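No experiment lies behind these values; they were computed from the predicted model shown. Letters go in sequence order (proteins before strands), and every chain restarts at 1.
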Number of protein chains: 2
Amino acid sequence: MKTRLDKIDLKILEILQNDCRITTKKLAERLNLSPTPVFERIKKLEKEGYIDKYVALLNERKIGLKQTIFIGVKLKGHTRSYLQKFLNQVNDFKEVTECYQVSGNFDFLLKIVLADIDAYEIFVQTKLSLISELGNVHSYIAIKKGKCTTKLDLSSL
Amino acid sequence: MKTRLDKIDLKILEILQNDCRITTKKLAERLNLSPTPVFERIKKLEKEGYIDKYVALLNERKIGLKQTIFIGVKLKGHTRSYLQKFLNQVNDFKEVTECYQVSGNFDFLLKIVLADIDAYEIFVQTKLSLISELGNVHSYIAIKKGKCTTKLDLSSL
DNA sequence: ACTGAAAGAACTACATC
DNA sequence: GATGTAGTTCTTTCAGT
């Protein structure tokens, strides 16, 4: 489990971050290797947990989820159990794609993706605002999407 | 291009959001269909742009990128060209995984993923702070990762 | 739109170096 | 660690309903 990643491993991860449906054969060609070692390296990377999963990224616009909103949340109570309870409740909200407990003038930062502003109103009224100990909430409505990637920078490794 | 998605399409997207390396055959079994129509539907979903891409999601901890930070940025100048210039510059920062222009008391919200706080200091000093017209910057350092998914909620469609 | 069949390609294991 | 081979399974196309 303590195996360090070598150049080839990093290259494999880099390529799979861009396109994970590439065939082992093509990947091997790009690395000037035969498929077998590439196949084995991928299995190792999966098994040891470097690769979490393989997913399809959908086009939000196209499927009709046109609004992204970030929400900064401050709780009234800050005991450990309140913080954990908040995380648990938010986990069940399907509109929430990301939730981090943070330092700064918020306790949590959420990212939510939904159809439109109307759907957001409904989300706030029927879900978010029902959370007990909810303090201040500040919304940041996305006006324009800049960079948005799942690709991590491996160049520093 | 205006084809609406039916129940089967949505189910396919749902499954591919969880695991895009599933074989067409297994996917077909789960849908009680033969592989052919499933294969054709997937191709259609790709071609019409419902599916953007297939990617491997890496484990940030495991590969050594242990720190996630959100940054709220306010610019001094707000002309259209400044806003666009900011987006362009941020695009080149490999540490930045997301950047949205937003409404609220920030102009932009960024998400960055890097090794640790030291790497963050370097990022700010050598990259972020060099941006002209940069106004206030507020950092939200992730203390605990809650939900974090690329899966969009299709249940409302 | 779907089924079923069939050719070609890829996966995966294994023997070998 | 890598290569090459070979059996198995999947992909992808096409004729038919």
What do the steps show when you test Ile42(B) against Val38(B) for side chain to side chain contact (heavy atoms under 4.5 Å, CB included), and what is the final call?
CA-CA 6 Å; Ile42(B) 292 172; Val38(B) 175; 4.0 Å; yes
Lys43(A): which residues meet the side-chain hydrogen bond (donor to acceptor under 3.5 Å, both in side chains) condition with it, sequence neighbours left out?
Glu46(A)
Show your reasoning for whether side chain to side chain contact (heavy atoms under 4.5 Å, CB included) applies to Asn18(B) and Lys53(A).
CA-CA 8 Å; Asn18(B) 279 327; Lys53(A) 59 193 310 202; 4.1 Å; yes
DNA chain D-proximal residues of residues 9-16 of chain B, any heavy atom under 4.0 Å
none
Pairs in or reaching into residues 22-35 of chain B: which pass side chain to side chain donor-acceptor pair (under 3.5 Å), with residues at least two apart or in two chains?
none
Across the strands shown, which category fits Arg21(B) at heavy-atom distances under 4.0 angstrom: base, sugar-phosphate, nothing?
nothing
Which nucleotides of nucleotides 6-17 of chain D have their base under 4.0 Å from a protein heavy atom (B), which only their sugar-phosphate (S), and which neither (-), written as one string 5' to 3'?
----SSSBB---
Measure from CZ on Arg4(B) to C1' on dA1(C) and round the result to the nearest Å.
19 Å
Which residue pairs pass the ring pair (Phe, Tyr, Trp, His ring centres under 6.0 Å) test when at least one of the two sits in residues 99-123 of chain B, sequence neighbours left out?
Phe70(A)-Tyr100(B), Tyr140(A)-Phe106(B), Phe86(B)-Phe108(B), Phe93(B)-Phe123(B)
To the nearest angstrom, the CD-P distance between Glu29(B) and dG4(C) comes to 13 Å
Is the closest side-chain donor-acceptor distance between Asn105(B) and Lys74(B) under 3.5 Å?
no
Rounded off to whole Å, could you give me the CG-to-P distance for the Asn32(B) and dC2(C) pair?
13 Å
Any chance you could measure Tyr54(B), atom OH, to Cys20(A), atom SG, to the nearest 0.5 Å?
9.0 Å
Ignoring backbone atoms, test whether Arg41(A) places a side-chain nitrogen or oxygen under 4.0 Å from the OP1 or OP2 oxygen of dA2(D).
yes
Ring pair (Phe, Tyr, Trp, His ring centres under 6.0 Å) partners of residues 5-45 of chain A, not counting sequence neighbours, each pair once:
none
